[in-house]
There are 2 protein chains.
Amino acid sequence: MEDVCAILARNIKAARKRLNLSQEDLAARAEIDRTYVSGIERQVRNPTITVVAKFAEALETTTADLLTDESR
Amino acid sequence: MEDVCAILARNIKAARKRLNLSQEDLAARAEIDRTYVSGIERQVRNPTITVVAKFAEALETTTADLLTDESR
DNA sequence: CTGTGACTAAGAGTCCGTA
DNA sequence: TTACGGACTCTTAGTCACA
């Protein structure tokens, strides 16, 4: 079973690219530090669900979507 | 926009009832502390996504499902 | 534009109990 | 069976300088 952090990292990165945003742009939108965004995409962070919710809003999607394993 | 913790609390409680589990049963299954389960259902906790994943496994569902707002 | 190490404050998560 | 409290440890939140 794949780690939920890996799924989140992949989905955030994909959604970010889709919107043509840099990590910096996303950080600004979500009101999160740039380096924190980096840490999540690199899977060195294990965020709380409220942080994921912030990302979801900034990426114009839902919390559930960011945690959905698209690979199956 | 409704808080993600409220959605989680509602969904966990519903899934737990559906399986006829007590908070203690669920805690044992998910290998999470009994008082922590209580705290999440009362929305006084803001869990990390790995904990939500543990709940999902114990409740025979997915992380995304536990964070899906069924009220819409 | 991104990765990384280091740091403090806050809160996640555990364990003991009581009503 | 659940809510709630105290006390505790350890990780996350959030930020910085630097590569």
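Order of the sequence lines fixes the chain letters, A, B, ..., with proteins taken first and strands second; residue numbering starts at 1 for each chain.
Atom CD of B/Gln23 and atom P of C/dT14 are 14 Å apart (whole Å). Whole-Å rounding puts the B/Ile40 CD1 to C/dT14 P distance at 9 Å. The distance between atom CD of A/Glu41 and atom P of C/dT2, rounded to the nearest whole Å, is 8 Å. Atom NZ of B/Lys17 and atom P of D/dT1 are 11 Å apart (whole Å). Whole-Å rounding puts the A/Arg42 CZ to C/dC1 P distance at 17 Å. Note: CG (B/Leu8) to P (C/dA12) measures 12 Å, nearest angstrom.
B/Ile40 and B/Ile7 sit in two unconnected hydrophobic clusters of ILVMFWY residues. Membership requires side-chain heavy atoms under 4.5 Å apart, directly or through other members.
Of the possible donor and acceptor atoms, none in the side chain of B/Ser38 sits under 3.5 Å from a partner among the backbone N and O of B/Arg34. In terms of modelled atom types and a separation under 3.5 Å, the side chain of B/Arg45 and the main chain of B/Gly39 share no donor-acceptor contact.
Of all nucleotides listed (C/dG3, D/dG14, D/dT2), D/dG14 comes nearest to the side chain of A/Lys54.
Residues A/Val44 and A/Cys5 are not in side-chain contact: their nearest non-hydrogen atoms beyond the backbone lie 4.5 Å or more apart. At least one side-chain heavy atom of A/Phe55 sits under 4.5 Å from a side-chain heavy atom of A/Leu26. By the 4.5 Å heavy-atom criterion applied to side chains, A/Asn11 and A/Asp65 are not counted as neighbours. Counting heavy atoms from C-beta outward, A/Val4 and A/Leu67 have side chains that approach closer than 4.5 Å. The shortest side-chain heavy-atom distance between B/Tyr36 and B/Val51 falls under the 4.5 Å cut-off.
Between the two ends of the helix from C/dT2-D/dA19 to C/dA19-D/dT2, each summarised by a five-pair axis, the helix axis turns through 40° (rounded to 10 degrees).
Using a cutoff of 4.0 Å between basic side-chain nitrogens and carboxylate oxygens, A/Asp69 and A/Arg10 are scored as salt-bridged. Remark: A/Glu57 does not engage A/Arg29 in a salt bridge, criterion side-chain N to carboxylate O under 4.0 Å.
Nucleic acid contact for A/Ser38: base, since at least one base atom lies under 4.0 Å from a heavy atom of the residue.
Between B/Val52 and B/Pro47, the shortest heavy-atom distance links the atoms CG2-CG, 4.2 Å.
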Using nucleotides 8-12 of chain D, report all nitrogen or oxygen pairs with the protein that are shorter than 3.5 Å.
| unit_1 | atom_1 | unit_2 | atom_2 | d |
| --- | --- | --- | --- | --- |
| D/dT12 | OP1 | A/Asn46 | ND2 | 3.1 |

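Interface residues of residues 26-35 of chain A facing DNA chain C, ordered by number: A/Arg34, A/Thr35; criterion, heavy-atom separation under 4.0 Å.
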